Amino acid sequence: MLNRYQQAAPNLNQQRYMNAAMAAFQNMTPQQRQEFGQYLAQQGQQQGPNFPNASGNYENPQMLAQMTTNAHQQDPGFLGKLFSPQSGKAPIDNPAVKAPLAGIAAMAIKHALDQRH
């Protein structure tokens, strides 16, 4: 799943990435979104990218989608590196980690397939 994300996400423009992230976050529970948002904000403070508009209301799927889109724009490899099993920081088996990456990857793959036809 992480490999699919790392292959597919760079092929999305900003709007498609944002739409994919929004769809992924809407499918998560508020608690999963809160966990993901807190983790993302914490890691952003430690190693960039910066999330100046993060208000702590991580249960809001639109805000999380904007955060991940901003992270992707500032450092396209940030989320992939952050959630890599080798990072030792975020267990890839955690649903709060898997859901957004899988959703974004699925949208990117769908977009690539649509362009072929």
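What you are looking at is a predicted structure, and each value in this text was computed from that prediction instead of being measured.
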Heavy-atom side-chain contact between Phe25 and Asn60 under 4.5 Å: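 No. Closest side-chain heavy atoms not under 4.5 Å.
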Side-chain heavy atoms of Tyr58 within contact of Glu35, under 4.5 Å: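 No, too far: nothing below the 4.5 Å cut-off.
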Test item: Asn27 side-chain N/O and Ala23 main-chain N/O as donor-acceptor pair under 3.5 Å: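 Side chain of Asn27 to backbone of Ala23, a donor-acceptor pair under 3.5 Å: yes, one is there.
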Indicate the atoms forming the closest heavy-atom contact of [X] with [Y], along with that distance.
| X | Y | answer |
| --- | --- | --- |
| Arg33 | Met28 | NH1-O, 2.6 Å |
| Met63 | Asn57 | CE-O, 3.4 Å |
| Phe36 | Leu64 | CD2-CD2, 4.3 Å |

Audit row: Gln66, Asn70, side-chain hydrogen bond (donor to acceptor under 3.5 Å, both in side chains) steps and yes/no: CA-CA 6 Å; Gln66 188 63 54; Asn70 289 345; 2.9 Å; yes
Gln42 atom CD: more than 12 heavy-atom contacts under 6.0 Å: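 Above 12, so yes.
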Derivation and outcome, side-chain contact (heavy atoms from CB on, under 4.5 Å), residues Leu40 and Phe78: CA-CA 10 Å; Leu40 188 61; Phe78 175 71; 3.6 Å; yes
Plane angle bin for Tyr17 and His72 - parallel if under 30°, tilted between 30 and 60°, otherwise perpendicular: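 Judged by the thresholds at 30° and 60°, the geometry between His72 and Tyr17 is parallel.
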Gln62 side, atom CD; Thr69 side, atom OG1 - distance, nearest 0.5 Å: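 The OG1 atom of Thr69 is 10.5 Å from CD of Gln62, to the nearest 0.5 Å.
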Reported CE-to-CG distance for the pair Met18 and Asn13, which is rounded to 0.5 angstrom: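 Reported to 0.5 Å precision, the distance equals 12.5 Å.
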